[in-house]
Amino acid sequence: MKRIRIKEVLQTSGTNQEILVKGWVRTFRNNQFIALNDGSCNNNLQIVVDFNSTPETTLKRITTGACISVVGNLIASQGKGQTVELVCKTLEILGDSDAEKFPLQPKKHSLEFLREIAHLRFRTNTFGAVFRVRNALAFAVHKFFQEKDFVYLHTPIISSSDAEGAGELFRVTNFDIANPPKTENGEVDFKQDFFGKPTNLTVSGQLEGELAAMAFSDIYTFGPTFRAENSNTTRHLAEFWMIEPEMAFFDLNDNMDLAEDLLKYVITYAFTKCHEDIEFLSQRLLEEEKQKPQIERSELSLIEKLRFCLDNEFERVTYTEAIEILKDSNHNKKKKFSYLIDKWGVDLQSEHERYLVEKHFKKPVILTDYPKEIKAFYMRQNDDGKTVGAMDILFPGIGEIVGGSQREERLEKLETRMKEMNIPTEELWWYLDTRRFGACPHSGFGLGFERLVLFVTGMTNIRDVIPFPRTPKNCEF
RNA sequence: UCCUUCUUAGCUCAGCUGGUUAGAGCACAUGACUGUUAAUCAUGGGGUCCCUGGUUCGAGCCCAGGAGAGGGAGCCA
């Protein structure tokens, strides 16, 4: 007999048909009712065991966490709480789970505890929902770009340039670390290393992405990215996934349009595809919020927040306008910011970003045209000589979810800027070649995938939306 | 990395001004019950009070150092 997934079983009505299901026991109540879950959906299938005809030894082995296989008749439920239930004919224990040692109990566990048993947390309602949503979002990203005929490009994981300027790097080597080969000067001799030069894990696929965009017009990458920053926050990981589209002939406005479309598309997809999961997560968040004092609670539920984000245009403001808004805000005048806004040119702190998104506009905000001093070398210089064509998308509760720009395609301006910022032009000769041979205006951005998952699931710690988080001092599993 | 809070049973937490044998709920074991929904009831077992050192007649509690975790900041996606 062919196994049926529980999601499918729950969609049918009980017609006394014989079926086979397999899954893991969530709880065994009353020596009679098994809540069985196989990960296909958040809801469990209730198995009704006849304890009179089932051997005592088998009953004892039906414990939380055990894996079982059940053949039985699917009927309309005799009890409340579910529409159908499976009356057990034969039950086989596929894998025992020692109740004394299995750490998951049929009760609420703290997210911190579950993080320590990340290998088992998939078997909880919350993480089941989170990772099904994550899957839907990842698929939707590909669907969006494929429908638009973008080319999915695999940029390298190992990189030899440290000129990308996007943070601390993880060194890649096969040297004996305790005893690396040295030159006559006593320095580490990288000529003898695997690649013959120092190499690192990638911090961005953007520069390579630009090369491909100068051939395919529209490309995107979606892969892991590594930053060795000593960041201990709820929104940073040492290993995370990033989506980086790069489009020839796109100016900054086209870039913003695409980013906004992408975000709305994938959120809509996950919302439709995983409605029950998001419903569950929304409810979970509501319970969580009840623990907080009234003032800290959010005005909108998760579902309302997602709807609101989908139904409204993102607010587009320039850095200069944002500074004016912040400077004139009562918050600034009453000196409620830790860092007061006094002059044009300062970098915005997260308290300022939060004020703009959560208090002033109350919706996603796209900030554009930042001062060139606080942005990367490759961003296109505006005619005012002060700003660059940058755009950051800020989301409520998350902060920066997208960072992008129109790229500087004019060779002379790019080289000058690189020299000003001490970026070695020789090392990036291949990057500069795109400006030498058939350069064109182009744009792109980076979308932090886990930050997107945070927003859609309503989780608050980024370590809870990636299966096995890598953070400073933590690389378990 | 900085600021801040925390670390007591498998989990969540209480533990008074430093005082005798460190508690509760859940989980687990045993039994009862059997249409339950985190089932219920009874009984029982379960502790390196994060680690190291110090003060004291006496430390879960006070002091110093260390480790880990949460929240906030910086860096960023």
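Both backbone and side-chain heavy atoms feed into the values below; hydrogens, waters and symmetry mates do not. Numbered from 1 within each chain, the chains take letters A, B, ... in sequence-line order.
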Practice task
Could you check whether A:E244 gets within reach of a base, just the sugar-phosphate, or nothing at all, counting any heavy atom under 4.0 Å?
Solution key: nothing
Practice task
With heavy atoms under 4.0 Å as the rule, sort A:F240 into base, sugar-phosphate or nothing.
Solution key: base
Exercise for the section: Test for a donor-acceptor pair under 3.5 Å between the base of B:rU1 and the side chain of A:E229, counting only N and O atoms. Expected result: no
Fill in the blank from the handout: Closest of B:rG35, B:rG74, B:rG25 to the A:S77 side chain is B:rG35
Exercise for the section: Indicate whether OP1 or OP2 belonging to B:rA27 is found under 4.0 Å from a side-chain N or O atom of A:T64. Expected result: no
Problem - Donor-acceptor pair, side chain of A:R463 and main chain of A:R115, under 3.5 angstrom - result: no
Practice task
Tell whether A:S231 reaches the base of B:rC75 with its side chain through a donor-acceptor pair below 3.5 angstrom.
Solution key: yes
Exercise for the section: Spell out, as yes or no, whether a donor-acceptor pair under 3.5 Å connects the side chain of A:T63 to the backbone of A:D98. Expected result: no
Problem - Side chain of A:R115 - closest among B:rG35, B:rA73, B:rG70 - result: B:rG70
Practice task
Would you indicate what A:L104 reaches in the nucleic acid, counting non-hydrogen atoms under 4.0 angstrom: base, sugar-phosphate, or nothing?
Solution key: nothing
Handout entry: Gap between atoms CD and C1', on A:Q32 and B:rA39 respectively (whole Å)
Key = 11 Å
Practice task
Among residues two or more places apart or on two chains, list those pairs meeting salt bridge (Lys or Arg N to Asp or Glu O under 4.0 Å) that have a residue in residues 76-90 of chain A.
Solution key: A:E18-A:K89
Completion exercise
Against the side chain of A:H236, the closest entry in B:rA77, B:rG35, B:rG70 is B:rA77
Handout entry: Check: A:R29/A:T27 side-chain N/O donor and acceptor closer than 3.5 Å
Key = no
Exercise for the section: Say whether, by atom type as modelled, one donor and one acceptor occur between the side chain of A:D392 and the main chain of A:G403 under 3.5 angstrom. Expected result: no
Fill in the blank from the handout: Once base and sugar-phosphate atoms are separated, protein heavy atoms under 4.0 Å mark nucleotides 42-47 of chain B, 5' to 3', with B, S and - as ------
Exercise for the section: Name the closest nucleotide to the A:R235 side chain, picking from B:rA73, B:rC28, B:rC26. Expected result: B:rA73
Exercise for the section: State the dot-bracket string of RNA chain B. Criteria: Watson-Crick or G-U wobble, both atom distances under 3.5 angstrom; notation: ( ) intrastrand, [ ] crossing earlier pairs, | interstrand, . unpaired. Expected result: (((((((..((((.....[...)))).(((((.......))))).....(((((..]....))))))))))))....
Completion exercise
A:P106 has its side chain closest, among B:rA38, B:rU12, B:rC76, to B:rA38
Handout entry: Sugar-phosphate, base or nothing in reach of A:T234, heavy atoms under 4.0 Å
Key = sugar-phosphate
Practice task
Using a 4.0 Å heavy-atom cut-off across all strands, classify A:T225 as base, sugar-phosphate, or nothing.
Solution key: nothing
Problem - Residue-phosphate contact under 4.0 Å: A:R463 side-chain N/O, B:rA69 OP1/OP2 - result: no
Practice task
For the side chain of A:K60, starting at C-beta, report the closest nucleotide among B:rG31, B:rC75, B:rC11.
Solution key: B:rG31
Fill in the blank from the handout: Side-chain atoms of A:R354 come closest, of B:rU34, B:rG70, B:rA73, to B:rA73
Problem - Selection from B:rU37, B:rC11, B:rC33 that lies nearest to any side-chain heavy atom of A:N30 - result: B:rC33
Handout entry: Distance below 4.0 Å between A:R29 side-chain N/O and B:rU36 OP1 or OP2
Key = no
Exercise for the section: Look at the side chain of A:N461 and decide which nucleotide, out of B:rG71, B:rC11, B:rA38, has an atom nearest to it. Expected result: B:rG71
Handout entry: Residues, nucleotides or ligands: over 12 heavy atoms within 6.0 Å of A:K264 NZ
Key = yes
Exercise for the section: Assess whether one donor atom and one acceptor atom, taken from the side chain of A:Q105 and the base of B:rG10, lie less than 3.5 Å apart. Expected result: yes
Practice task
Flag yes if more than 12 heavy atoms outside A:Y339 fall under 6.0 Å of its OH atom; otherwise flag no.
Solution key: no
Exercise for the section: Examine B:rG74: is either OP1 or OP2 under 4.0 Å from a nitrogen or oxygen in the side chain of A:Q349? Give yes or no. Expected result: yes
Problem - OP1 or OP2 of B:rG74 under 4.0 Å from side-chain N/O of A:S350 - result: yes
Exercise for the section: Would you mind reading off the distance between A:L367 atom CG and B:rA77 atom C1', rounded to a whole angstrom? Expected result: 15 Å
Practice task
Determine yes or no for a side-chain-to-main-chain donor-acceptor pair under 3.5 angstrom, with A:S77 supplying the side chain and A:V84 the backbone.
Solution key: no
Practice task
Nearest whole angstrom, please: distance from the C1' of B:rC76 to the CG of A:L348.
Solution key: 14 Å
Fill in the blank from the handout: When A:F102 and A:G79 are each assigned the nearest nucleotide of RNA chain B, the 5'-most assignment goes to A:F102
Problem - Test item: side-chain donor near acceptor, A:N125 and A:R26, under 3.5 Å - result: yes
Problem - Salt-bridge present (A:R354, A:E351; N to O < 4.0 Å) - result: no
Practice task
Answer with yes or no whether A:Q78 presents, from its side chain, a donor or acceptor under 3.5 Å of a partner atom in the base of B:rU36.
Solution key: no
Problem - Within-4.5 Å side-chain heavy-atom neighbours: A:L86 and A:V70 - result: yes
Exercise for the section: Would you classify A:S110 as touching base, sugar-phosphate or nothing, given that sugar-phosphate means primed atoms plus P, OP1 and OP2, and contacts are heavy atoms under 4.0 Å? Expected result: sugar-phosphate
Fill in the blank from the handout: On RNA chain B, more 5' by nearest nucleotide between A:E450 and A:K473 is A:K473
